[in-house]
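What follows is a single structure, written as structure tokens, with notes after it.
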Amino acid sequence: MTSGKGAYMKRIRYSHLVFICIFTLTTLAPAESPRRVIIDTDPGVDDAMAILLALNSPELKVEALSVVPGNVEAPLGLENALKIVSLANRCDVIVAGGAQHPLNQKLITAKFWHGPNGLAGVELPAPKCKADPRFGPDLIIELVHKYPHEITLIPVGPLTNIALAVSKDPSIVPLVKDIVIMGGSISGGNVNGAAEANTYNDPEAAAIVLNAGWMVTMIGSDVGERTLITRPYLRELQAQHGPESDFVAALADFYLTRSEKSGYQGAAMYDPLAVGTAIDPTLVTLKAMHIDVETRGEFTRGETVANRMGSNENNVLHGDHYEIEGVIELKPNARVALASDAPRFLQMFIDRLKGK
Ligand SMILES: [Ca+2]
């Protein structure tokens, strides 16, 4: 009897224990497992900030960085990407080079804004992480097939690598969970009156990506320029030290000084906001619309032209003139950011990096 009662009590205790374990796991486990992301990048001051934000965000699992020429030439971009993951002690993240030049034009680097080495002149130690031998666009194709419907692409440079990947294997389009690009603008450019730098650097690639058949989430330069890191945020970052934190503070200081000299109140958080949107889409206000990329305009090459009406007039030739015969509906191909919750995003950025 005693042993029987003992066994009964043990069963009760065991069942309680199982219940407590299940209860604890359910209440402590995150609502979702981390989202797999590939960041296609041209590092770049704001690229470096975006990468380090992603690496310090539990919502994301950074599977790979693919490097594209843009702010700096491709070899320097690859070296910078390796230095950034090395600084974060994250050699588990695959880093691969990709295209060496835009599809159809000469590269325009942006060392004026990003410093001679692309990283604000900050000399990081030589990278301990090694480059993966795969070609960036092929790596993207491989990972999308390995994790169907799980990968979010975050291209924050010219869209050359993504265009090469979807051109080589269009079957990846429906297998990608989401694509959040930093690029374009629906209200004026940052290179000139019309074009944003990433689309200006490879308009043909941008056109391929926008027309690939997926719904692109577009974080344009116009919204980035209303999401500014300012001196008070920098001071908060500088108050706690750590290798990543000190590096980001040095980048932000350089970037702020450069922006202030050009008459801005703060520095535009272009690429970090794209990562922020992948972390929490409620940080931006999105509107579905159709976007075309201008590839020929004399003053507008590289402009992302937004159709907010969802239609074009149908003009039909009648003798010596055209007549409007109704409208042709246009399917949206992009969810375009119209605004951001800048204070909430910037506080998240600072909180996740300070002291790291
Ligand atoms: Ca970039």
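In this text, all values refer to a predicted model and were calculated from it rather than measured experimentally. Indexing begins at 1, ligand by ligand and atom by atom, following the structure's order.
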Open item on the list: Can a donor-acceptor pair be found, under 3.5 Å and without considering hydrogens, that links the side chain of Glu303 to the backbone of Val305?
Closed with: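 Not confirmed, Glu303 side chain does not pair with Val305 backbone.
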Open item on the list: Keeping Asp222 on the side-chain end and Ser187 on the backbone end, is there a donor-acceptor pair under 3.5 Å?
Closed with: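 The answer is yes, because a donor-acceptor pair under 3.5 Å joins these two groups.
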TODO: Would you mind naming the N, O or S atom of Asp271 nearest to the Ca ion (ligand 1)?
DONE: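 Asp271's closest N, O or S atom to the Ca ion (ligand 1) is named OD2.
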Open item on the list: I'd like the atom name of the N/O/S atom in Asp42 lying closest to the Ca ion (ligand 1).
Closed with: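 For Asp42, the N/O/S atom sitting closest to the Ca ion (ligand 1) is OD1.
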Open item on the list: Tell me whether the Ca ion (ligand 1) has Val156 as a neighbour, meaning an N, O or S atom of it below 3.0 Å.
Closed with: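 Yes.
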Task: Flag if over 12 foreign heavy atoms under 6.0 Å of CD, Glu329 - done: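 Not more than 12 within 6.0 Å, no.
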Task: Test side chain to side chain contact (heavy atoms under 4.5 Å, CB included) applied to Leu60 and Leu53, Ile39, Leu55, Val275, the passing residue - done: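 Output: one option passes, namely Val275.
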